[in-house]
Amino acid sequence: MDKITMTTPLVEMDGDEMTRILWGMIKDELILPFVDLKTEYYDLGLEKRNETDDQITIEAANATKKYGVAVKCATITPNAARVEEYKLKEMWKSPNGTIRAILDGTVFRAPIIVKGIEPCVKNWKRPITIARHAYGDVYKASEMKIPGKGKVELVYTPDEGEEQRIIVHEFDGPGIVTGQHNLNSSIISFARSCFNFALDVKQDLWFATKDTISKQYDHTFKDIFEEIFESEYKDRFEKAGITYFYTLIDDAVARVMKSEGGFIWACKNYDGDVMSDMLSSAFGSLAMMTSVLVSPEGYYEYEAAHGTVQRHYYKHLNGEETSTNSVATIFAWSGALRKRGEIDELPKLIDFANKLEEACIKTIEGGEMTGDLVLITSNPNPTKLTSREFIRAIRLKLEGLLF
């Protein structure tokens, strides 16, 4: 068949370690043979970020604003060990955090449901979608090591008016301190994104913070959600037959475990990061979850919700075969291609994206899967495939669907 044509490029953000290896395999086996792929490419591998003083991450985010749709590989957020390993100039911040700060919006993450991969929580019958705020908190924090005895203050210096100060802590010895922030405008966008998404999919919406302890920071989130819901969405939710409610984050965790699923759970930035990993693992695998950042302006950035699979990468470097699950990365590509097709009105591209996802699911349900799924499947006769074998098995299914 003729390759499917594109009219507008995707922003392509390459990444690190084993996911970078999978990225190339996916393009070579599952995309390029079928699609006349157009991308604006950015290498967000740690070496290039270090070489450019992380400016390439900012350029990639701004390109997403220009073209509207991006697909991103998993990237390293360096710690002290990574600084030494890669000889970095400094401990660069999370590229995801940088991109989210520029694009704003909300990250929606949902498990990929496959027959034979049952949730660890047996009463979960339907997917649970995490709506993660994509700005601020620990990802934009300023931090300091306190060398010894002294006082740390939080100071607000307005453009006009008197300065305000509060004591954070009076240190008797060495310690650490962090300063976090958020913006009312971003929280408002987060709330509206969540309410609109709930109406689109006709699912109940939960929101949870820790306002009993954080009486200013977390309580502001709670208040903004409540004000927007009451003034803009209450009647629409009633007509749609869905509900919104607020609860403490610890209560939400307990309720989630006893639920049947089928709802959206809105969380602050860090809470959403942790809870989406918990949900994806409990539903099957960290590599079995979709993730898309949706901005209020209509920008979309698709990615895998997991990390760079460092352990498998070191095995790969030693010449060993790995059995690394590439499904979330494949779904990042399919999601971006589908959205590009929707925006540009390219039905063939939309159909290709749908069939690529169908091929992934059929491959696993047919018993061919990676090692992480072999360990948890109820399929009586699974076949464990290497990373490349799994992608090639998906290609065979894809060709059967396309031709």
Side-chain angles (χ1 to χ4, degrees), residues 3-45 48-49 56-76 94-100 102-103 105-110 112 134 287-295 297-309 325-344 346 349-357 359-360 391 394 398:
K3 287 189 178 183
I4 298 164
T5 58
M6 296 175 60
T7 55
T8 310
L10 294 172
V11 177
E12 177 186 352
M13 306 180 197
D14 211 340
D16 288 299
E17 298 191 317
M18 195 63 208
T19 46
R20 188 183 182 97
I21 305 301
L22 297 175
W23 194 260
M25 292 182 189
I26 290 165
K27 287 178 66 179
D28 290 343
E29 293 284 349
L30 301 178
I31 309 293
L32 293 176
F34 311 104
V35 178
D36 185 14
L37 185 65
K38 297 182 185 298
T39 71
E40 183 158 318
Y41 178 85
Y42 292 87
D43 183 357
L44 298 194
K48 182 61 71 172
R49 282 183 273 144
I56 195 165
T57 307
I58 296 170
E59 291 171 7
N62 287 329
T64 304
K65 287 185 172 183
K66 177 180 178 181
Y67 292 106
V69 184
V71 58
K72 180 182 174 296
C73 184
T75 47
I76 294 169
S94 161
N96 286 345
T98 299
I99 293 165
R100 289 166 189 156
I102 293 171
L103 299 182
T106 300
V107 176
F108 293 96
R109 290 179 171 171
I112 300 164
M288 298 292 289
M289 176 168 270
T290 63
S291 180
V292 56
L293 171 68
V294 183
S295 80
E297 293 82 5
Y299 312 133
Y300 296 83
E301 186 239 332
Y302 294 82
E303 61 180 355
H306 57 73
T308 57
V309 203
N325 192 332
S326 52
V327 170
T329 306
I330 294 170
F331 270 63
W333 272 102
S334 63
L337 290 169
R338 182 189 299 107
K339 181 54 65 176
R340 183 81 279 160
E342 291 171 356
I343 293 172
D344 295 348
L346 301 172
L349 191 59
I350 297 170
D351 182 63
F352 171 79
N354 292 337
K355 286 177 177 175
L356 177 55
E357 293 179 0
C360 289
I391 290 172
I394 293 170
L398 178 61

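Note that these values count all heavy atoms, side chains included, but never hydrogens, waters or copies made by symmetry.
- Between Val71 and Trp23 there is a side-chain heavy-atom pair separated by less than 4.5 Å.
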Working for side chain to side chain contact (heavy atoms under 4.5 Å, CB included), residues Ile31 and Leu356:
CA-CA 9 Å; Ile31 309 293; Leu356 177 55; 4.0 Å; yes

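- Salt bridge Glu303/Arg109: present, at least one basic N to carboxylate O contact under 4.0 Å.
- Interatomic distance, Glu12 CD to Lys38 NZ, rounded to the nearest 0.5 Å: 14.0 Å.
- Ser334 and Glu357 form a side-chain donor-acceptor contact under 3.5 Å, judged by distance and modelled atom types alone.
- Atoms CG and CD1, on Leu22 and Ile391 in that order, are 5.5 Å from each other to the nearest 0.5 Å.
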Phe34/Leu398 under side chain to side chain contact (heavy atoms under 4.5 Å, CB included): CA gap, chis, key distance, verdict
CA-CA 10 Å; Phe34 311 104; Leu398 178 61; 3.6 Å; yes

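- One distance of note links CG of Asn96 with OG of Ser291; it measures 8.0 Å at 0.5 Å rounding.
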Run the side chain to side chain contact (heavy atoms under 4.5 Å, CB included) test on Met25 and Ile21 for me, step by step, so that the C-alpha distance in whole Å, both residues' side-chain angles and the decisive distance to 0.1 Å come before the verdict.
CA-CA 7 Å; Met25 292 182 189; Ile21 305 301; 3.7 Å; yes

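- The side-chain heavy atoms of Met6 and Thr39, taken from C-beta on, include no pair separated by under 4.5 Å.
- For the atom pair CZ of Arg100 and OG of Ser295, the computed distance is 13.5 Å after rounding to the nearest 0.5 Å.
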Just do the side chain to side chain contact (heavy atoms under 4.5 Å, CB included) check on Ile350 and Arg338 with the steps written out, would you?
CA-CA 5 Å; Ile350 297 170; Arg338 182 189 299 107; 4.1 Å; yes

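- Judged by distance alone, with hydrogens and angles left aside, the side-chain atoms of Lys3 form a donor-acceptor pair with the main-chain N or O of Leu32 at under 3.5 Å.
- Between Val292 and Lys339, the closest side-chain pair of non-hydrogen atoms is not below 4.5 Å.
- Considering only heavy atoms from C-beta on, Thr308 stays 4.5 Å or farther from Arg20 through its side chain.
- Side-chain contact between Leu337 and Arg340: absent, with no pair of heavy atoms (C-beta onward) separated by less than 4.5 Å.
- Contact between Ala61 and Leu103 at its shortest, heavy atoms only, is O-CD2, 3.6 Å.
- Counting all heavy atoms, side chain and backbone alike, Tyr42 lies closest to Ala63 at OH-CB, 3.4 Å.
- In this structure the side chain of Glu301 never reaches within 4.5 angstrom of the side chain of Val11, judged on heavy atoms.
- No donor-acceptor distance shorter than 3.5 angstrom exists from the side chain of Thr329 to the backbone of Ala304, with no hydrogens or angles considered.
- Looking at Asp14 and Lys48, their side chains never come closer than 4.5 Å, going by heavy atoms from C-beta outward.
- At least one donor-acceptor pair under 3.5 Å links the side chain of Arg49 to the backbone N or O of Ile76.
- The nearest pair of heavy atoms linking Ala332 to Tyr302 is O-CB, 3.4 Å.
- Here the closest non-hydrogen pair linking Leu293 and Ala134 is CD1-CB, 3.4 Å.
- We find the CE-CZ distance between Met288 and Phe331 to be 7.0 Å, quoted to the nearest 0.5 Å.
- Side-chain contact between Ile394 and Glu29 is absent, with no heavy atoms from C-beta onward closer than 4.5 Å.
- Considering only residues two or more places apart in sequence or on other chains, Thr7 meets the side chain to side chain donor-acceptor pair (under 3.5 Å) condition with Asp344.
- Here the CE atom belonging to Met18 is positioned 11.5 Å from the CG atom belonging to Asn325, to the nearest 0.5 angstrom.
- In this structure, Leu44 and Lys72 approach most closely via the heavy-atom pair CD1-CE, 4.3 Å.
- Thr75 and Gly15 get closest at one heavy-atom pair: CG2-CA, 3.8 Å.
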